[in-house]
Amino acid sequence: MKLTWSPERASAAYIHTVQSCQLFRESGVAEMVSAMAAGWNAQLIVETWSHGGVIPTSEGLAIASHHTGGRHVCIVPDERSRSEYAKSMGEAGMSPEIMVGEPEEVMDGLVGIDFLVVDSRRRDFSRVLRLAKLSGKGAVLICKNANVISKMGSSGFIWRSVLAQGSRRLVRSVFLPVGKGLHMAHVSGTGGDDSVTVSPLKVKGHAKRWIKHVDQRSGDVHFIRR
């Protein structure tokens with residue numbers, strides 16, 4: 001088996017997120033990750049969050065889990081972050097699972113992750129990626145606030161380190177200049193061909209135009225929105 005894309009489900013989650021987060025401004029990140037998670041029919045959506053972080057992306061992931069019927073789990077480092085996250089999500093009428101602890105403590109119990117969002121500004125983000133127990137059908141990994149690592153040219157190293165000890169392969173990685181940067185990777189399932197085609201997202205006449213650029217040194221695919 002492999003991840004299967006559903007444009008209808010992606011569009012529904014996108015619109016739902018736009019309507020839910022209309023009072024917030026996060027440069028399209030919430031809508032983008034919501035559409036991606038729903039479009040790939042993610043059954044185990046995991047994100048990391050800490051005190052002071054923004055909430056719209058988390059709302060988008062919660063909305064995506066509603067559309068897929070999947071599980072949405074947020075990993076926070078301490079009780080202060082748990083309390084703040086739970087309060088903010090509760091005010092939005094959402095109540096995702098919250099797990100408190102270091103990556104080594106909590107990731108072991110999350111098996112079959114098929115959609116993972118980490119914050120590149122957190123020091124442990126690469127550790128979370130390495131410890132993730134991904135789904136056998138493949139997974140989508142996202143680093144938000146990724147402008148810094150993109151400028152450093154280190155994104156290729158991040159994805160290689162995630163796959164270094166397993167039999168999976170990197171199908172494709174893409175950098176999107178949305179918000180403060182999204183670096184996304186599609187990781188293959190265990191055995192089999194998981195080749196995919198990434199297409200522009202169209203939502204009820206609101207077509208997004210992207211210009212494709214391939215980094216000749218790293219092999220990364222970048223899409224620039226016009």
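In this chain, numbering begins with 1 at the start of the sequence shown.
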Locate the shortest heavy-atom distance separating [X] from [Y]; write the atom from each residue and the value.
{"X": "A64", "Y": "A38", "value": "CB-N, 3.9 Å"}
{"X": "G39", "Y": "A10", "value": "CA-CB, 3.8 Å"}
{"X": "I45", "Y": "A37", "value": "CD1-CB, 4.0 Å"}
{"X": "P56", "Y": "A30", "value": "O-CB, 3.3 Å"}
{"X": "G179", "Y": "N147", "value": "O-ND2, 4.3 Å"}

Has [X] got a side-chain atom pairing as donor or acceptor with [Y]'s backbone, closer than 3.5 angstrom?
{"X": "D124", "Y": "R127", "result": "no"}
{"X": "R122", "Y": "W49", "result": "yes"}
{"X": "N145", "Y": "K180", "result": "no"}
{"X": "D114", "Y": "L44", "result": "yes"}
{"X": "S81", "Y": "P77", "result": "no"}

Using the salt bridge (charged side-chain N to carboxylate O under 4.0 Å, His left out) rule, collect all pairs that involve residues 80-96, keeping only residues at least two apart or in two chains.
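For residues 80-96: E79-R82.
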Partners of [X] by salt bridge (Lys or Arg N to Asp or Glu O under 4.0 Å), sequence neighbours excluded?
{"X": "R9", "answer": "none"}
{"X": "R71", "answer": "E97"}
{"X": "E105", "answer": "none"}

Partner set under ring-ring contact (aromatic ring centres under 6.0 Å, His included) for H67, not counting sequence neighbours
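Partners of H67 under the ring-ring contact (aromatic ring centres under 6.0 Å, His included) test: H16.
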Check: [Y] and [X] side chains under 4.5 Å, non-hydrogen atoms:
{"X": "F115", "Y": "V117", "answer": "yes"}
{"X": "N41", "Y": "W5", "answer": "no"}
{"X": "L116", "Y": "V140", "answer": "no"}
{"X": "M107", "Y": "V128", "answer": "yes"}
{"X": "L134", "Y": "L141", "answer": "yes"}
{"X": "F125", "Y": "K144", "answer": "no"}
{"X": "E104", "Y": "L131", "answer": "yes"}
{"X": "R172", "Y": "V174", "answer": "yes"}

To the closest 0.5 Å, what do you measure between [atom1] ([X]) and [atom2] ([Y])?
{"X": "C74", "Y": "M94", "atom1": "SG", "atom2": "CE", "value": "13.0 Å"}
{"X": "I63", "Y": "H72", "atom1": "CD1", "atom2": "NE2", "value": "10.5 Å"}
{"X": "T57", "Y": "L182", "atom1": "OG1", "atom2": "CG", "value": "8.0 Å"}
{"X": "W40", "Y": "T68", "atom1": "CH2", "atom2": "OG1", "value": "14.0 Å"}
{"X": "H66", "Y": "S34", "atom1": "NE2", "atom2": "OG", "value": "10.5 Å"}
{"X": "S188", "Y": "H186", "atom1": "OG", "atom2": "NE2", "value": "7.5 Å"}

Can a side-chain donor-acceptor contact be found between E59 and T17 if the only test is distance below 3.5 angstrom?
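The answer is no; no qualifying pair exists.
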Judged by modelled atom types alone, do Y14 and Q19 share a side-chain donor-acceptor pair under 3.5 Å?
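Checked: Y14/Q19 side chains show no N/O donor-acceptor pair below 3.5 Å.
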Begin from the C-alpha positions of I75 and L110 and carry the test side-chain contact (heavy atoms from CB on, under 4.5 Å) through to its verdict.
CA-CA 11 Å; I75 299 172; L110 296 171; 3.9 Å; yes
Let me see the working for V118 and L129 under side-chain contact (heavy atoms from CB on, under 4.5 Å), right down to the final yes or no.
CA-CA 8 Å; V118 299; L129 291 170; 4.2 Å; yes
What's the verdict on side-chain hydrogen bond (donor to acceptor under 3.5 Å, both in side chains) for S58 and E47, showing C-alpha distance, side-chain angles and the deciding distance?
CA-CA 8 Å; S58 300; E47 65 166 322; 2.8 Å; yes
With E8 via side-chain contact (heavy atoms from CB on, under 4.5 Å) - residues at least two apart:
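Only S6 meet the side-chain contact (heavy atoms from CB on, under 4.5 Å) criterion with E8.
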